[in-house]
J.: 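Right, I'll just put the structure down here and ask away after.
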Amino acid sequence: MKVFDQEIHRIFNLFKKGAPFSFSKYADGEWAIMNNYYLNNNEFEISSKTPDFFRQKLIESFRFKDSDYYVGISCPCCQGNEAHKMNVFSEQDEEHLTFANIFVNSNYSIYKDTFLKEYGKYDIHLVANKNSKIENLPFKIEKFYPISFSAWVNNYDLIENIKQQNLSNKLFLFCAGPFGNLLAHQLHKSNKNNIYLDIGSTLNPWLQSEGFKRDYYMNGYFSERKCIWNKI
C-alpha cells in the first residue's frame, strides 16, 4: 500500500540521483479525454472536432512501459471508483505507479522544500503557457517553450522540434495539461538522456498563467488533503 507523503520522497530520491527518468501524471481531465468525454476547462478541451489521433496518443502514453517511466493516477479520495478503473486500464505494475496528486494537496509543502529547491541545480527547459511570468520563478530557465490553449492538439509539433535538438543532461518541466503526458512519453522514448517531469499546476503561483486557480496552493481545503491509494 502506497502512502502519500512517502511516495513524494520516493520519487524525490530518484530525482536526486540525477539519472534520467520520466514522470507523467493523469488526473480527471486526462481520464475524461481517454474516455472521450467532452470538456473545456479554460486550459485544454476535447470536443467532437478533436481528431481521435490525439486521444489515442494520450492512451499510448498512459500504457507505455519502461524501467525509468513512472505514471501517476488518480486516487479514490479524489475520483471515487474511477481511480480503480484507471489503475486497471493503465496496465502498469505497482512499482511504476504513484499518485497523480503526488506534488499537490498536503504534499505541496514537501514539494516546495524538496523538488523546487533542487531544480536550480539543473539546466531547465520549461514548457508552459505563453503568458507565463517566468521571471517570477525561484530558479533560472535555460529555455522556455511557450504553448497555447489546448496545447496537446495545437502545439503537438513541438514534440518533434524538441526531439531534433538531441539534448542531454537537461531537466524538462511540463506545465502543460495533457500535453505534458505526450511530451513525457514521446521525449523519454526517443531520448533517455534527460529527466522529464510532468509537474502540472505546481508553478502556478509564480507563472500566473493558469486557466483556473487551484485550491491547494491557496491554503484551501485540499491543501490539507492526504490522498489514499487505490489497491487492486
Side-chain angles (χ1 to χ4, degrees), residues 1-32 34 58 61-122 138 171-175 177-178 180-181 184-185 188 195-205 213-232:
M1 181 67 71
K2 298 181 186 296
V3 179
F4 195 47
D5 58 351
Q6 291 179 10
E7 279 297 289
I8 189 171
H9 286 294
R10 176 171 78 99
I11 301 300
F12 181 61
N13 287 337
L14 186 67
F15 178 68
K16 281 200 301 183
K17 292 179 182 177
F21 76 100
S22 184
F23 169 72
S24 184
K25 65 175 193 62
Y26 302 79
D28 54 349
E30 290 76 23
W31 186 235
M34 286 188 274
L58 187 64
S61 72
F62 190 51
R63 289 177 152 176
F64 176 71
K65 296 176 182 65
D66 183 80
S67 60
D68 298 315
Y69 185 76
Y70 297 84
V71 170
I73 61 172
S74 290
C75 45
C77 57
C78 292
Q79 209 169 333
N81 292 334
E82 295 302 303
H84 177 78
K85 295 178 184 178
M86 287 185 77
N87 195 327
V88 173
F89 187 69
S90 75
E91 300 181 349
Q92 302 286 345
D93 62 38
E94 193 75 2
E95 179 186 352
H96 290 87
L97 282 174
T98 189
F99 295 88
N101 288 336
I102 190 169
F103 299 142
V104 302
N105 295 352
S106 64
N107 273 357
Y108 190 52
S109 60
I110 300 174
Y111 171 83
K112 289 188 289 185
D113 286 338
T114 54
F115 283 90
L116 198 66
K117 291 183 177 180
E118 198 80 4
Y119 287 160
K121 298 179 180 180
Y122 292 84
L171 169 60
F172 280 85
L173 300 178
F174 307 132
C175 304
N181 306 115
H185 165 224
H188 176 71
I195 296 175
Y196 306 99
L197 294 181
D198 176 14
I199 60 170
S201 57
T202 60
L203 300 183
N204 282 6
K213 294 188 181 297
R214 276 70 167 182
D215 169 280
Y216 76 85
Y217 55 72
M218 300 175 68
N219 296 317
Y221 171 78
F222 284 95
S223 66
E224 301 296 326
R225 170 165 285 188
K226 295 183 179 180
C227 295
I228 56 174
W229 186 243
N230 176 52
K231 186 176 182 181
I232 294 181

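Only this structure's heavy atoms are used, side chains among them; waters, hydrogens and symmetry mates stay out.
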J.: Please walk me through it: do Ser201 and Tyr217 pass side chain to side chain donor-acceptor pair (under 3.5 Å)?
T.: CA-CA 9 Å; Ser201 57; Tyr217 55 72; 6.0 Å; no
J.: Would you check, one step at a time, whether the test ring pair (Phe, Tyr, Trp, His ring centres under 6.0 Å) holds for Tyr216 with Tyr111?
T.: CA-CA 12 Å; Tyr216 76 85; Tyr111 171 83; 8.9 Å; no
J.: Can you find a pair of side-chain heavy atoms, one from Ile8 and one from Thr98, that are under 4.5 Å apart?
T.: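 No; the side chains remain at least 4.5 Å from each other.
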J.: Considering residues, nucleotides and ligands other than Asn81, do more than 12 of their heavy atoms fall under 6.0 Å from its CG?
T.: no
J.: Students often mix this up, so state it plainly: with edges at 30° and 60°, are the rings of Phe172 and Phe174 parallel, tilted or perpendicular?
T.: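 Ring orientation, 0 to 90° scale: tilted.
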J.: With respect to Cys227, which candidate in Ser74, Cys77, Pro76 satisfies the side chain to side chain contact (heavy atoms under 4.5 Å, CB included) definition?
T.: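 Among Ser74, Cys77, Pro76, the one that satisfies the side chain to side chain contact (heavy atoms under 4.5 Å, CB included) with Cys227 is Cys77.
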J.: According to salt bridge (Lys or Arg N to Asp or Glu O under 4.0 Å), does anything in residues 65-74 pair up with another residue at least two apart or in another chain? List the pairs.
T.: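 The answer is Lys65-Glu91, Asp66-Lys192.
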J.: Work out which heavy atom in His185 is nearest to a heavy atom in Phe64; give both atom names and the distance.
T.: CD2-CG, 3.3 Å
J.: Quick check for you: to the nearest 0.5 Å, what is the distance between Ile11 atom CD1 and Thr114 atom OG1?
T.: 11.5 Å
J.: Which heavy-atom pair separates Arg214 from Asn204 by the least distance, and what is that distance?
T.: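 Between these two residues, the closest heavy atoms are NH1-ND2, 3.5 Å.
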J.: Work out which heavy atom in Ser22 is nearest to a heavy atom in Ala184; give both atom names and the distance.
T.: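 Closest pair (atom of Ser22, atom of Ala184, distance): OG-O, 2.9 Å.
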J.: Quick check: do Tyr119 and Leu197 have side-chain heavy atoms less than 4.5 Å from each other?
T.: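 In contact.
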J.: Evaluate ring pair (Phe, Tyr, Trp, His ring centres under 6.0 Å) for Phe15 paired with Tyr122, printing each intermediate quantity in order.
T.: CA-CA 11 Å; Phe15 178 68; Tyr122 292 84; 5.0 Å; yes
J.: Counting only N and O atoms by type, is there a donor-acceptor contact under 3.5 Å from the side chain of Tyr70 to the main-chain atoms of Phe21?
T.: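 Checked: no pair found.
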J.: Going from SG on Cys78 to CD1 on Ile228, what distance comes out if it is rounded to the nearest 0.5 angstrom?
T.: 9.0 Å
J.: Look up atom CG in Asn87 and atom CG in Leu97, then write down how far apart they are to the nearest 0.5 Å.
T.: 5.5 Å
J.: Could you list the residues that satisfy salt bridge (Lys or Arg N to Asp or Glu O under 4.0 Å) with Arg225, not counting sequence neighbours?
T.: none
J.: Taking C-beta and beyond as the side chain, do Arg10 and Leu14 meet within less than 4.5 Å on heavy atoms?
T.: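 No, too far: nothing below the 4.5 Å cut-off.
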J.: Verify, without hydrogens or angle tests, whether Asp215 (side chain) and Tyr221 (backbone) share a donor-acceptor contact under 3.5 angstrom.
T.: yes
J.: Of the non-hydrogen atoms in Ser24 and Asn181, which two are nearest, and what is the gap between them?
T.: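 Heavy atoms only, the tightest pair is OG-ND2, 2.9 Å.
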J.: Nearest 0.5 Å please: distance from the NE2 atom of His84 over to the CZ atom of Phe89.
T.: 13.5 Å
J.: I need the full list of salt bridge (Lys or Arg N to Asp or Glu O under 4.0 Å) pairs touching residues 74-86, with sequence neighbours left out, sorted by first then second residue.
T.: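 Of all non-adjacent pairs touching residues 74-86, those that pass salt bridge (Lys or Arg N to Asp or Glu O under 4.0 Å) are Glu82-Lys85.
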J.: Do you know which two heavy atoms are closest between Glu94 and Trp229, and how far apart they sit?
T.: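 Shortest heavy-atom separation between Glu94 and Trp229 comes out as OE2-NE1, 2.8 Å.
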J.: Begin from the C-alpha positions of Leu58 and Glu30 and carry the test side chain to side chain contact (heavy atoms under 4.5 Å, CB included) through to its verdict.
T.: CA-CA 8 Å; Leu58 187 64; Glu30 290 76 23; 4.3 Å; yes
J.: Output the distance between atom OH (Tyr196) and atom CG (Leu171), rounded to the nearest 0.5 Å.
T.: 10.5 Å
J.: Taking the side chain from Asn105 and the backbone from Glu224, do they hold a donor-acceptor pair closer than 3.5 Å?
T.: no
J.: Measuring from Ile102:CD1 to Asp5:CG, what's the distance to the nearest 0.5 Å?
T.: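 Nearest 0.5 Å value for the CD1-CG distance: 10.5 Å.
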J.: Test your reading of the model: is there a side-chain donor-acceptor pair from Tyr69 to the backbone of Ser61, 3.5 Å cut-off?
T.: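 Yes; judged by distance alone, with no hydrogens or angles, the pair exists.
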J.: Minimum heavy-atom separation for Phe62 and Trp31, please, with both atom names.
T.: CE2-CZ3, 4.3 Å
J.: Applying salt bridge (Lys or Arg N to Asp or Glu O under 4.0 Å) as the test, list every pair that has at least one member in residues 96-110; sequence neighbours left out.
T.: none
J.: So Lys25 and Phe99, do their side chains get closer than 4.5 Å, heavy atoms only?
T.: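 Not in contact.
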J.: Taking the side chain as every heavy atom from C-beta outward, state whether Phe103 and Phe23 have any atom pair closer than 4.5 Å.
T.: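 A side-chain contact exists here, since the closest heavy-atom pair is under 4.5 Å.
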J.: Listing request: all salt bridge (Lys or Arg N to Asp or Glu O under 4.0 Å) pairs with a residue in residues 108-122, at least two apart in sequence or in separate chains.
T.: Asp113-Lys117, Glu118-Lys121
J.: Please list, chain by chain and in numerical order, all residues satisfying side-chain hydrogen bond (donor to acceptor under 3.5 Å, both in side chains) with Ser90, sequence neighbours excluded.
T.: none
J.: With no hydrogens and no angle check, do the side chains of Asn101 and Asn107 hold a donor and an acceptor under 3.5 Å apart?
T.: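 Short answer, no.
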